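Just so it is clear, the structure is predicted and the values come from calculations on it, not from any experiment.
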Amino acid sequence: MASSSSKSSDELATAVCRYVLGDLSLGRAAEAAGLSRWEFEEVLEDAGFTSLYGPRTDDQLQREIDVALDLDE
């Protein structure tokens with residue numbers, strides 16, 4: 001049976017990969033890893049990645065625009 005620290009390491013590695021691939025936002029990836037957003041950003045920096053903010057794809061951008069337009073109504 002895997003120890004809890006190896007489970008944590010696996011969850012962290014998965015969260016980093018999913019964040020880097022754009023599957024998860026920074027906040028969701030941090031949550032999946034069991035860390036605060038700021039702790040997760042430190043992990044990313046230590047691994048050589050830069051935190052990315054905002055939408056990464058046209059679909060993500062369109063969803064954000066749709067939400068903003070709905071708030072205006």
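- Partners of Glu31 under the side chain to side chain contact (heavy atoms under 4.5 Å, CB included) rule, at least two apart in sequence or in another chain, are Arg28.
- Residues meeting the side chain to side chain contact (heavy atoms under 4.5 Å, CB included) test with Ser36, sequence neighbours left out: Trp38, Glu39.
- Residues satisfying the side chain to side chain contact (heavy atoms under 4.5 Å, CB included) criterion with Val16, sequence neighbours excluded, are Leu12, Val20, Phe40, Val43, Leu44, Phe49.
- Here the closest non-hydrogen pair linking Glu11 and Ala32 is CB-O, 4.0 Å.
- Going from atom OG1 of Thr14 over to atom CG of Leu24 covers 10.0 Å, rounded to the nearest 0.5 Å.
- Between the side chains of Asp58 and Gln62, no donor N or O sits under 3.5 Å from an acceptor N or O.
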